[in-house]
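Remarks on the structure that follows.
For ligands, and for the atoms within them, numbers begin at 1 and follow the listed sequence.
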Amino acid sequence: MTKKRISIFASGGGSNAERFFEFFQNDQDIEIVSLFTNNKSAGVIERAKRFNIPYHIYNRNYWQNGEVIIDLLKSQKVDYIVLAGFMLLIPDELVSAYPDKIFNIHPALLPKFGGKGMYGMNVHKAVKEAREATSGITIHYVNEHYDEGQIISQVSCPIELSDTVEEIAKKVLALEHKNYPKVIAEVVRKSI
Ligand code: GAR
């Protein structure tokens, strides 16, 4: 049987991307075949190098209609795409080329604290300002709108009123690392 092939898209430090590189290193069913980034100075590139994952840097212009990227994904026989801190909107053409095959993680409990501009620390700041008693992660399918695709899994954690924005971020990131590769492995394995 041929393994299912995943490409990771990331724009930043890439701590989640690294969890995927590690998690699937010796997996019998699933492999990580490439990394795509829009940011030539993203920390995730060094992580990909360490794991010998081929990487591709395409600036914002290439993500307008995604044509070049779709061709490359198809030539790599990519089955699934995992967004791990990817900050641009996925073009409609790419969503249509990979229907229900693109996953994202959002660092809050959607539908709250989602949408354009809601990424990274902005999300945790908003959670703190709203004096929420819980936050957490949302793993969901990607459609043409930011953070609106069907939810696959949510995991929550308690937030104390005394928690700083950084403390909230740390709690949520720990949940991401623990759950994201595991949940994606479950979804992909079901299709085998
Ligand atoms: C993660 O917290 C992820 O949930 C968030 O960016 C961070 C990337 O961290 N994604 C979004 O906010 C998407 N709207 P990482 O580069 O260390 O994996």
Practice item. Find out whether the Lys NZ or Arg CZ of Lys74 is both under 6.0 angstrom from the six-membered ring centre of Tyr98 and within 45° of the ring's axis. Key: yes
**Study point:** Any pair counted as ring-ring contact (aromatic ring centres under 6.0 Å, His included), so long as it reaches residues 144-177, sequence neighbours left out
**Key:** none
Practice item. Provide, to 0.1 Å, the distance between atom 15 (P) of ligand 1 and the closest protein heavy atom, together with that atom's residue and name. Key: Ser15 N, 3.5 Å
Check your understanding: Between Asp29 and Lys3, is a salt bridge (charged side-chain N to carboxylate O under 4.0 Å, His left out) present by the stated rule, with each step listed?
Key -> CA-CA 5 Å; Asp29 305 321; Lys3 290 188 188 183; over 6 Å; no
Review point. Would one find more than 12 heavy atoms of other residues, nucleotides or ligands at under 6.0 Å from atom CZ of Phe23?
Key: yes
Practice item. Provide the number and element of each atom of ligand 1 under 4.0 Å from a heavy atom of Met87. Key: 6 (O)
Check your understanding: What is the nearest protein non-hydrogen atom to atom 2 (O) of ligand 1, stated with its residue, atom name and distance?
Key -> Glu176 OE2, 2.8 Å
Point to revise | Where ligand 1 meets Gly85 - atom numbers and elements under 4.0 angstrom, heavy-atom basis | key: 6 (O), 8 (C), 10 (N)
**Study point:** Tyr180 side chain near Ile139 side chain, heavy-atom distance below 4.5 Å
**Key:** yes
Check your understanding: Starting from atom 12 (O) of ligand 1, which protein heavy atom do you reach first, and at what distance in Å?
Key -> Gly120 N, 2.9 Å
Practice item. Return the residue, atom name and 0.1 Å-rounded distance of the protein heavy atom closest to atom 9 (O) of ligand 1. Key: Asn16 ND2, 4.0 Å
Review point. Got the closest protein heavy atom to atom 11 (C) of ligand 1, with its distance?
Key: Pro107 CD, 3.7 Å
Check your understanding: Do side-chain atoms of Lys49 reach the backbone of Val44 as a donor and acceptor pair under 3.5 angstrom?
Key -> no
Practice item. Go through the side-chain N and O atoms of Asn39 and Ser11 and say whether any donor and acceptor fall under 3.5 Å apart. Key: no
Exercise for review: Evaluate the salt bridge (charged side-chain N to carboxylate O under 4.0 Å, His left out) criterion for residues Lys4 and Asp27: first the C-alpha distance (whole Å), next the side-chain angles of each, then the deciding distance (0.1 Å), finally the verdict.
Suggested key: CA-CA 10 Å; Lys4 292 291 175 192; Asp27 196 277; over 6 Å; no
Review point. Near Met118, which atoms of ligand 1 are under 4.0 Å from a heavy atom of that residue?
Key: 14 (N)
Check your understanding: What protein heavy atom is closest to atom 16 (O) of ligand 1, reported as residue, atom name and distance in Å?
Key -> Gly14 N, 2.7 Å
**Study point:** Residue, atom name and distance, where the atom is the protein heavy atom closest to atom 13 (C) of ligand 1
**Key:** Ile105 O, 4.0 Å
Check your understanding: Contact between Ala10 and ligand 1, counting heavy atoms under 4.0 Å?
Key -> no
Check your understanding: Below 4.0 Å from any atom of ligand 1, is there a heavy atom belonging to Val123?
Key -> no
